[in-house]
Each structure stands twice: as structure tokens, then as C-alpha cells.
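Here's the structure, in C-alpha cells; my notes come after.
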There are 2 protein chains.
Amino acid sequence: MSEVEPRTEAGDVLTEVIMRTFRLYGGFLEAAEVMTKPVGLTAAWWQVLGAVLRQPLPVSGIAREMSLTRQSVQRIADLLVAKGLAEYLPNPAHKRAKLFRPTEAGYAAVSSLAQAQHAFTNRISAQVDPDDLRTTLKVMERLVEALDADEWPTGDA
Amino acid sequence: MSEVEPRTEAGDVLTEVIMRTFRLYGGFLEAAEVMTKPVGLTAAWWQVLGAVLRQPLPVSGIAREMSLTRQSVQRIADLLVAKGLAEYLPNPAHKRAKLFRPTEAGYAAVSSLAQAQHAFTNRISAQVDPDDLRTTLKVMERLVEALDADEWPTGDA
DNA sequence: GTCATTTTGACAGCACACTGTCAAACAACG
DNA sequence: CGTTGTTTGACAGTGTGCTGTCAAAATGAC
């Protein structure tokens with residue numbers, strides 16, 4: 001019936017790349033957990049707090065900026081407030097959408113994390129060829145574009 | 001007090017790579033969901049079923065092979081059996097650790113997924129330079145190694 | 001063979017992200 | 001104005017992964 005899709009060489013390489021992507025995701029996430037633990041945060045909290053270092057934003061705005069759902073961010077934001085790492089400010093422009101921003105303690109936590117993060121990226125990046133690393137970044141950016149643009153063929157439409 | 005960790009250029013590139021890793025992870029995962037949906041699977045189910053195509057394994061064996069916890073795999077395995085896509089066989093070598101393997105329906109589902117997967121990787125990989133893609137794979141493998149080998153400096157131990 | 005250790009499945013609970021639904025607040029239009 | 005559509009937060013539920021605990025089965029040391 002349907003034609004068999006032949007495997008291309010580049011396709012096979014990409015398959016390997018995808019598997020490494022999953023492993024690296026896990027590894028980087030673990031590294032983030034290790035870094036955040038001493039500070040009393042989690043990777044997810046770090047991410048949310050980091051989105052609001054420069055200017056306060058409503059929860060829905062953070063979600064938009066990070067391509068997450070409002071609900072996910074809301075949950076974490078409430079937890080951060082409960083821990084005293086962030087606070088809600090009344091929003092003159094919108095009665096429901098309170099503005100979210102770190103407290104002093106929140107800023108302090110993120111600052112110390114920046115230290116750990118630089119140590120980490122310096123340490124790991126020193127183990128690969130700089131030019132190859134740049135090439136990798138270029139390819140990954142291209143792949144992100146390709147994924148975003150990819151129209152999912154609806155099977156047999 | 002403590003010295004400020006200087007940011008290296010390679011470190012900054014790696015930071016960008018990490019962010020792309022997270023985006024690609026999300027993109028590839030979404031692609032997997034899109035591919036599996038028509039077949040009535042999920043990405044996680046696909047992964048578990050795929051681990052046992054060649055030979056039956058106990059749940060704990062699958063978990064070891066995929067670096068997941070027994071519990072996660074167990075949950076999915078039970079669901080696959082409930083859906084008729086896999087089955088448990090008595091294990092002569094171990095009374096509790098039943099052998100897990102796909103049913104005919106399970107094999108059929110995975111086969112059709114292989115088709116979709118090849119179409120996908122062919123399509124996406126065609127949009128990047130083949131040599132650069134190989135370089136990327138090489139770098140990612142190196143990064144995986146570096147992460148595995150990285151000793152987490154225990155703060156101030 | 002006996003006993004301590006490890007492996008295994010079962011069960012319970014937590015973190016994170018998702019979807020869906022609802023009502024309040026806002027924005028745009030006639 | 002009022003009506004309609006969108007945005008927002010609150011609430012409920014799902015899927016996936018994790019940790020932790022327990023008892024049965026298997027393994028290894030003696």
C-alpha cells in the first residue's frame with residue numbers, strides 16, 4: 001500500500017541527536033537541581049524567578065514569555081510567595097492580574113545561583129572544542145526553527 | 001568574600017546551548033506525541049514498548065536499560081497490558097519478575113511509528129548541513145560524557 | 001541448609017506540566 | 001451605554017517522572 005519511507009543518512013544522525021537531546025536535557029536538569037538545592041529553590045522556581053528579575057510581570061505574562069501555561073506558573077508563583085521569595089503587588093492596570101516580583105530574599109537566591117551556573121558552564125564547556133560548540137549552537141537554532149515551521153502531515157489527509 | 005567566577009566565552013555559548021536543549025526537548029517530545037496519537041500510544045508508552053521489541057524483559061530490566069525507575073516503567077507496563085498492547089509471561093528464572101513483551105497489536109503499533117519517525121527525521125535533518133549535524137552529534141556525545149563525569153563540587157566541602 | 005543482603009513488585013505520596021471549565025475583569029465594537 | 005469576545009486567576013483532573021516503604025523472592029556467604 002503506502003510507500004515505505006527510506007532512511008536517509010542525515011535522518012539517522014538526527015535520530016542519534018534526538019536521543020542525546022533527551023539525555024542532555026536530563027543531565028542539565030539534574031545539574032540545575034543540584035545547584036538550586038543549597039539555595040532552597042528548585043529548577044522550576046529558579047526559572048520563574050529569573051523571568052521577573054528585571055521588571056515585575058503578571059503570572060500570565062511570565063507564562064507567555066516562557067511558553068508555559070498560566071496554570072503551571074501560577075502554582076509556582078504562589079509557592080514562591082508562600083516561601084517569602086516573591087510577592088504580589090497590586091496592578092493599577094488590571095485588578096485581577098497582580099504583579100509578581102522577587103523579594104530581597106528572592107534576589108539574593110538568584111544571585112548566588114548565577115555564580116554556580118557560571119562555574120558549571122565554564123567547567124563543562126572547557127571540555128569541548130569552542131568552534132564545534134558554536135557550530136552546535138548554530139545547528140540547534142536551525143533545528144528549533146525547523147521544528148517550529150514543520151507542518152505535521154496529517155497522516156493521509 | 002568568595003571569588004567571583006568569571007564568565008568565559010565558551011561558557012556563554014554553552015548557556016545558549018542549554019537553552020536550545022530545553023526547547024528541542026520540548027519540540028521533539030511534542031513531535032513524538034503527534035506521531036503516537038493516531039496509533040493510540042503516548043511517547044512514554046512507545047519508549048517502553050520499544051525497549052522490548054527484540055526480547056522480553058522484566059520490568060526492572062527495562063528500567064535499568066532506559067535509566068528510569070522501576071516504578072515509572074511498571075505503571076506504563078501495566079497500562080500497556082490493560083490496553084492489549086503487551087502481555088506478561090511467566091518467568092522461569094524468577095517467580096515475581098514476569099517477562100514483559102508486546103502483543104501482535106503492540107508490534108503493529110510500533111511498526112507504524114517507525115514509519116512516521118523516519119519521515120520526521122528525514123524531513124527535519126534535510127534542513128541542516130550534514131557535516132554540521134555530525135559535528136553536533138559529536139559535541140553532544142562529549143557533553144553527555146562530561147556531565148556524567150562531572151563531580152558536583154559540594155559547595156564548600 | 002541457614003541467614004543476611006539484594007532484587008523485585010506493590011502501594012503511597014510528591015513535583016512538574018498539561019488540559020478543561022468557570023466567573024471576574026478588561027477591551028472593542030455598535 | 002450595553003453586548004460580545006478575550007484575558008485572567010481559581011479550581012479540578014490527567015500524565016509522567018521521582019522518592020520512599022514494605023514484603024516476597026532470589027542471591028550470596030558461611
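Chain naming here is simple, since letters A, B, ... match the order of the sequence lines and numbering starts at 1 in each.
- Although no hydrogens or angles enter the test, the distance criterion places a donor-acceptor pair under 3.5 Å between the side chain of A:Asn122 and the main chain of B:Thr8.
- Atom-to-atom, CZ of B:Arg96 to P of D:dA24 comes out at 8 Å; the value is rounded to the nearest Å.
- Heavy atoms only, all atoms of each residue included: A:Ala109 and A:Val39 are closest at CB-CG1, 3.4 Å.
- Of all the heavy atoms in B:Phe100 and B:Val52, the pair that sits closest is O-CG2, 3.0 Å.
- Atom CD of A:Gln74 and atom CG of A:Leu79 lie 10.5 Å apart (nearest 0.5 Å).
- A 4.0 Å heavy-atom criterion places the boundary nucleotides of DNA chain C facing chain B at C:dT8 to C:dC11, written 5' to 3'.
- Using a distance-only test at 3.5 Å, with no hydrogens or angles considered, no donor-acceptor pair links the side chain of B:Tyr107 to the main chain of B:Pro102.
- Smallest separation of non-hydrogen atoms from B:Ala97 and B:Asn91: O-ND2, 2.9 Å.
- In the displayed structure, A:Glu9 atom CD is contacted under 6.0 Å by at most 12 heavy atoms of other residues, nucleotides or ligands.
- Between A:Tyr25 and B:Tyr25, the two ring planes are parallel [angle under 30°; tilted spans 30° to 60°].
- In this structure, B:Glu33 atom CD and D:dT14 atom C1' are separated by 13 Å, rounded to whole Å.
- Of all the residues in residues 60-78 of chain B, B:Leu68, B:Thr69, B:Gln71, B:Ser72, B:Arg75, B:Ile76 reach under 4.0 Å from DNA chain D with at least one non-hydrogen atom.
- Contact check of residues 39-51 of chain B against DNA chain D (heavy atom, cut-off under 4.0 Å) returns B:Thr42, B:Ala44, B:Trp45.
- The nearest pair of heavy atoms linking B:Asp129 to B:Asp131 is OD2-N, 3.0 Å.
- Contact between B:Ala51 and B:Leu57 at its shortest, heavy atoms only, is O-CD1, 4.1 Å.
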